[in-house]
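Per chain, numbering begins at 1; letters A, B, ... match sequence-line order. Values below: every heavy atom of this structure, side chains too, minus hydrogens, waters and symmetry copies.
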Amino acid sequence: MARSDEAAAFFHAVYSAVQEIPHGKVTSYGHIAKLVGTPQRPRQVGVCLKHLPSDPDARFNHTNVPWQRVINAKGIISPRSQPSGSLNQAAELEAEGVTVTTGALGELMVDFAEFGWFPNILPSEAAQGAVPEDDDDDDDDSES
DNA sequence: AGCATGACGGTTA
DNA sequence: TTAACCGCCATGC
């Protein structure tokens with residue numbers, strides 16, 4: 001099995017997982033990594049989004065994949081090479097009703113307690129590991 | 001061919 | 001408590 005295929009599968013899994021993020025909610029790279037079954041590679045998740053195709057004809061692209069709903073575990077929009085990108089991401093999130101606050105150093109923060117989306121691992125993953133204990137989840141989407 | 005980088009996260013000092 | 005280090009691996013040079 002070629003690694004290329006595995007890499008492609010990884011990209012596919014990541015994009016699919018990101019699409020599961022509800023409108024107006026955000027999650028972290030690490031959580032996506034867990035969802036796809038590779039909790040040790042949150043970095044690669046970022047790579048996937050970085051290379052997310054803009055081609056509207058592609059199966060996954062900026063239009064059908066809510067890449068903006070993915071931030072780092074600190075609840076901050078990961079600053080990348082192009083500052084405009086992070087600012088754009090913040091704008092996109094606010095457009096969905098997500099409140100983004102700016103720190104003293106200009107870091108764009110999102111309150112996980114308010115907009116965080118951290119569901120349990122996908123059934124397919126749970127079936128393999130059969131986790132005996134379930135971590136507490138507080139997905140309280142009690143807003144209309 | 002190989003080396004440096006990076007949209008991260010957890011662990012160690 | 002905060003700061004630094006390591007792992008992970010696709011992409012870019």
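- Residue order along DNA chain C, read from the 5' end via each residue's closest nucleotide, puts A:Pro42 first among A:Pro42 and A:Phe11.
- Between A:Met109 atom CE and A:Lys74 atom NZ the span is 13.0 Å, to the nearest 0.5 Å.
- Atom CZ in A:Phe10 sits about 9 Å away from atom P in C:dA10, given to the nearest Å.
- Atom NE2 of A:His51 and atom C1' of C:dG12 are 8 Å apart (whole Å).
- When the nucleotides B:dC8, B:dA7, C:dA10 are ranked by their closest atom to the side chain of A:Gln44, C:dA10 comes out on top.
- Side-chain N/O atoms of A:Arg41 include one lying less than 4.0 angstrom from OP1 or OP2 on C:dC9.
- One can place CD of A:Gln40 at 17 Å from C1' of C:dA10, the figure rounded to the nearest angstrom.
- For the atom pair A:Asp57 CG and A:Thr63 OG1, the distance stands at 11.5 Å (nearest 0.5 Å).
- The residue A:Thr38 sits apart from the nucleic acid: no heavy atom pair falls under 4.0 Å.
- Closest non-hydrogen pair, A:Ser16 versus A:Phe60, comes out as OG-CZ, 3.8 Å.
- Going from atom CG of A:Asn88 over to atom P of B:dA7 covers 15 Å, rounded to whole Å.
- Between the CD atom of A:Glu92 and the C1' atom of B:dA7 there is a distance of 15 Å, rounded to whole Å.
- The distance from atom CD1 of A:Ile21 to atom P of B:dA7 is 18 Å, rounded to the nearest whole Å.
- We find that CD of A:Gln82 is positioned 14 Å from P of B:dG6, with the value rounded to whole Å.
- Here the CZ atom belonging to A:Arg43 is positioned 10.0 Å from the NZ atom belonging to A:Lys50, to the nearest 0.5 angstrom.
- Going from atom CG of A:Asn72 over to atom P of B:dC8 covers 7 Å, rounded to whole Å.
- Interatomic distance, A:Leu93 CG to A:Leu108 CG, rounded to the nearest 0.5 Å: 9.5 Å.
- The residue A:Pro39 sits apart from the nucleic acid: no heavy atom pair falls under 4.0 Å.
- Nearest nucleotide to the A:Tyr29 side chain, out of B:dG9, C:dC8, C:dA10: B:dG9.
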